[in-house]
Structure formats: structure tokens, C-alpha cells
Colleague: 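Below you'll find the structure I mean.
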Number of protein chains: 2
Amino acid sequence: MAKALRTKDKIIVAAEKLFSEHGFEQTSLRQITSEAEVNLASVNYHFGSKKALIQAVMARYQSVFMPALAEQLYQLQKNSEQVATKDVLACVMQPLIALRQVRIDGPVIYLRLLGYAYSEIQGHLRKYTMANYGEIVHEFFQLIQQANPNVCSKTLFWRLHFSLGAMLFAQTSSQALREIAASDFGEETQAEETLLKLLPFVAAGISAAEPDPKS
Amino acid sequence: MAKALRTKDKIIVAAEKLFSEHGFEQTSLRQITSEAEVNLASVNYHFGSKKALIQAVMARYQSVFMPALAEQLYQLQKNSEQVATKDVLACVMQPLIALRQVRIDGPVIYLRLLGYAYSEIQGHLRKYTMANYGEIVHEFFQLIQQANPNVCSKTLFWRLHFSLGAMLFAQTSSQALREIAASDFGEETQAEETLLKLLPFVAAGISAAEPDPKS
DNA sequence: AACTTAATTAAACGGCCGTTTTAAATAAGG
DNA sequence: CCTTATTTAAAACGGCCGTTTAATTAAGTT
């Protein structure tokens, strides 16, 4: 029984690493079981299928991140009458850091997984997220609207997805971009620094004045 | 000889469509040759390999887009002493529209191809682009710097890639997002409208004031 | 017209994929 | 200690992949 959990965990740990590095579909079960040093068939024994393994990996992070996000949003709307866009956005930082409890490099892993999940299994992840954590997502959106009363909801919807795209792209190609930045500007950029640079960018973009419709 | 060009073109047309819909690695040569109604082996005969086909597809669009972008940038810096961020960004619109001359839906196809190219073949596309059109990219960056003298170069580098990520993400998941937006807000969103919504977002993000380093 | 070159075709190659089946080893319960 | 599940292990399954081969057809040249 104790050994069994070991095997299952070894698969999860290896799968998270390889999925976050190469994406879901580009990672084969043979790569995962080789990295985990377990037998190929044990994946299907413990998880049923590759798709189920992917879901298990994602669910493990979502189940930690989403409740933590809900708590942050609750504290924000409780303690402040007038919320600012940057404060709502900042609510995602602590839950991200909380992912260290599932894995030391959990925050980075989760963001990269999210990026691949969005580009590879399109609507699937969104459907799962909305079904299980729809209220949290909805509350996040409401707070963003509250912070930007002069921007129409439809525009905010798009701008939030632009922001998501900026974050996921930056994370997915983070390593390559940081190398280029280092060779162009001489300074090293840390992975977490990227997220800090992102916040003012998306905060300004979300709150930008809507252009004249006659241009 | 006339028939030969037909086959080669039929492959290109089918490949562009399927690549832009499902990505490069997810699209098999058998899908392409089936869609094009040509023999499987003709891809390797006319292009040499799948990788060469991908490069041919991308090069066809880049060779139209990049010179057109260079012309726009030249006109901008020639006619205005003080350039604004939104004007530099607007320089990409006409070259995008010019892609209609390679295919009716060229602009959309090109952006989606770009998105997959960045996420799937990471450094490869960037290397190719810089080797062939490095000066144009560099001039674009210079104009952005010129328009934002108060933002340091390194920050602008990251913000431009955030912008690229926002655009590519919006295009890659454009169809799904537009469906969601339609069901949530009742109005249909056109594909081109998405790009217009993007401009003020990234313009504001790029020009955002840099935050205090002590936060 | 015959001949040379180019283009198309059908079939097969080796390789990796996710999954399943088989049997052996291990742990748990009576 | 023996029986019964549970877990690991190795091998094979069918399927799709990119690529190559060899034979056939079409086009171009003198």
C-alpha cells in the first residue's frame, strides 16, 4: 500500500515536469515512465488513461489555487470599498505562491501547464474550470468590472483574455525570452521577475480608455 | 509543367489551412495530401520534408508582411518627428491587410500560424525572422523606444512580448472566445474587431508608468 | 518520332504512440 | 501458512506517423 502511493506519486511528479516543459501531447507516456523509473503499464493502471493523467495533474493545482484565490478576493472586497484594477490582479499572486506547497517550483509549473492546456485542449480546460470554480471566476470578473466602471463588460472580457494570453505566452516561452533579454541587456531576469513586470502592463491595458468609435 | 505547379500550390493551400487550424505538429502529411487531393509522396517530392513545407508556408507570408511593415515604419519616421506608441503599433495593420494578396483570409491565417510557430517551434521561427528581417524588427523596436523615452529598454522588451502573446493567444483561441463572448454578451464579434480591441490595450500597457522599485 | 527529364503513383519501411494482455511478484486477510 | 487481492513487470497489439523506394505516366527536347 505504501509502495503503491510511491509509484503513483512518482508518475505525477515526472508528468508535471515533462508536461510543463514540452506540453501534453508532445510528452509520451514512455518519457514519463522512464523519467519516473516505473513501468509503462502502471500509468494506465493507476490513472486509467493519458487523458485522465492530464486531468489529475491539472486538478491537483487547481484545487489549491482556486480556493486560495477565492479567499484573496473575499478579503479584498471586504476590506476596501473602492477597488483598483492592480489590487484585483494582485489577488492571484499569493495563491500562485501557495502552489509551493504542492511542489517547490509549483508556481512556474502551474502557469506553464495552464499555457499548454489552453493552446492544446482549448475548450476542455475552460469547461472544467467553469464547472468546478465558476463562481470564483465570476467574482474575479465582477471585481474587475467594479474597478473599471467606465469600460464596458465586453471590452473587459476581451482585455482579460488578452492579459491571460500575455501571461501564458510569457511563461511558455519564458526561458527562451530570458536568454534573449540577458544577451541583449546584459542582466539576468528571474522567472518571478517576469510576473512582476507583467502586472503594471496588464493593469494599464485593462483600464485603458476606450477609443472613439469613429476611428 | 503547368500541372506540376498546380500540385505544389494545392499542397501549400491545404497546408496553410490545416496548419492554422490545428497547428504544425498536430497536422499530418496525410491530412494535408488528403485535403489537397494529391499523393502523399508529392510533399516530399516538391518540398523535401515536412519541416521544409512548414518553412515554405511561413516564408511566403513573411516575405509579403515584412517589407510592407518596413515601408510603414519608414513613412512614419519620415513624416512625424514625435511618434506615439499607437502609431507605431498601427504600422502592422496595413501589412496584415496586404496579406489578402497571398490569400483571401491571409491576415487571419498568418496570425494563427505565427501563434503556433511560436509555441511549437520556439526559437526556430525567431532565429529565421531575425536572420532575414532583423533590421525591420530592430527599427520597430527603436520606434517603440522613441515613443516611450521614460520606459527602460528592458521593460519595453518584455512588454512587446507580452503584447505579442496577447495577440497570438487572442487569435489562436479566437473562435472559441468569440463564441463565449457572443453567448455572454449577445453580440457577435468579428475576427478583425478583435485586433481593433487589442490595439488600445497593448498601447496602454506598453506606455504604462514603471512602478516604484520599492513595492 | 524517339529520347530524356520531370512528375505522379502505390506500396512498403522503420519507428513511436497509447493501450491491453499475459504472467510473475508482492502484500493482506483468514 | 495458505489463499486471495493488489501491484509490478515484460511483451505484444493495432494504428498512425514521416519518409523512401520503385514503377508508371506525362512533358519537353532535338
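Letters A, B, ... are given to chains in the order of the sequence lines, protein chains preceding strands, and every chain is numbered from 1.
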Colleague: Mind checking B:Thr27 for me? I need base, sugar-phosphate or nothing, with any heavy atom below 4.0 Å counting as a touch.
Modeller: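 The residue B:Thr27 makes sugar-phosphate contact but no base contact.
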Colleague: Can you tell whether the side chains of A:Lys17 and A:Glu35 come within less than 4.0 Å, N to carboxylate O?
Modeller: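 Here A:Lys17 pairs with A:Glu35 in a salt bridge, since their nearest N and O are under 4.0 Å apart.
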Colleague: For DNA chain D, what residues of residues 37-45 of chain B have any heavy atom nearer than 4.0 Å?
Modeller: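 Listed by number, they are B:Leu40, B:Ala41, B:Asn44.
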Colleague: For C:dA7, take OP1 and OP2 only and decide whether either is under 4.0 Å from a side-chain N or O of B:Thr7.
Modeller: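 For C:dA7, OP1/OP2 do not have a side-chain N/O of B:Thr7 under 4.0 Å.
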Colleague: Could you state the CZ-P distance from B:Arg30 to C:dA10, rounded to the nearest angstrom?
Modeller: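 From B:Arg30 CZ to C:dA10 P: 14 Å.
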Colleague: Looking only at side-chain N and O atoms, does B:His46 come under 4.0 Å of OP1 or OP2 in C:dT8?
Modeller: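 For B:His46, the contact criterion (side-chain N or O under 4.0 Å from OP1 or OP2 of C:dT8) is met.
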Colleague: Please pick, from C:dT8, C:dA12, C:dC17, the nucleotide with the shortest atom-to-atom distance to any side-chain atom of A:Gln31.
Modeller: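 For the A:Gln31 side chain, the nearest candidate turns out to be C:dC17.
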Colleague: Any salt bridge linking A:Arg60 with A:Glu16? Criterion: basic side-chain nitrogen under 4.0 Å from a carboxylate oxygen.
Modeller: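 Answer for the salt bridge query: yes.
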Colleague: Is it true that B:Glu193 and A:Lys154 have a side-chain N and a carboxylate O under 4.0 angstrom from each other?
Modeller: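 Here B:Glu193 pairs with A:Lys154 in a salt bridge, since their nearest N and O are under 4.0 Å apart.
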Colleague: Please confirm whether the ring centroid of A:Phe169 lies under 6.0 Å from the ring centroid of B:Phe162.
Modeller: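 Judged by ring-centre distance (under 6.0 Å), A:Phe169 and B:Phe162 do not meet the cut-off.
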Colleague: Restricting to non-hydrogen atoms, name the atom on B:Leu76 and the atom on B:Cys91 that form the minimum distance, rounded to 0.1 Å.
Modeller: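 That closest heavy-atom pairing would be CD2-SG, 3.9 Å.
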Colleague: Verify the ring-centre separation between A:Tyr128 and A:His124: is it less than 6.0 angstrom?
Modeller: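 No; A:Tyr128 has its ring centre 6.0 Å or more from that of A:His124.
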Colleague: Respond yes when some side-chain nitrogen or oxygen of A:Ser28 is under 4.0 Å from OP1 or OP2 of C:dC16, and no when none is.
Modeller: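 Result: no.
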Colleague: Tell me: CD of B:Gln26 to P of D:dC17, nearest whole Å?
Modeller: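 Atom-to-atom, B:Gln26 to D:dC17, this comes out as 11 Å.
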Colleague: Which whole-number value in Å describes the distance from A:Phe47 CZ to C:dT19 P?
Modeller: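 Those two atoms, CZ and P, are 13 Å apart.
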Colleague: Between B:Glu25 and B:Lys50, does any side-chain N to carboxylate O distance fall below 4.0 Å?
Modeller: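 Salt bridge between B:Glu25 and B:Lys50, a charged N being under 4.0 Å from a carboxylate O: no.
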Colleague: For DNA chain C, which consecutive runs of 3 or more Watson-Crick or G-U pairs (each distance under 3.5 Å) count as stems?
Modeller: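 Only these stems qualify: C:2-23 with D:8-29, C:25-28 with D:3-6.
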Colleague: Centre-to-centre under 6.0 Å for B:Tyr110 and B:Phe65, is that the case here?
Modeller: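 Ring-ring flag for B:Tyr110/B:Phe65: true, centres closer than 6.0 Å.
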Colleague: Could you walk me through whether B:Glu37 and B:Lys10 pass salt bridge (charged side-chain N to carboxylate O under 4.0 Å, His left out), step by step?
Modeller: CA-CA 8 Å; B:Glu37 292 178 326; B:Lys10 283 201 284 186; 5.6 Å; no
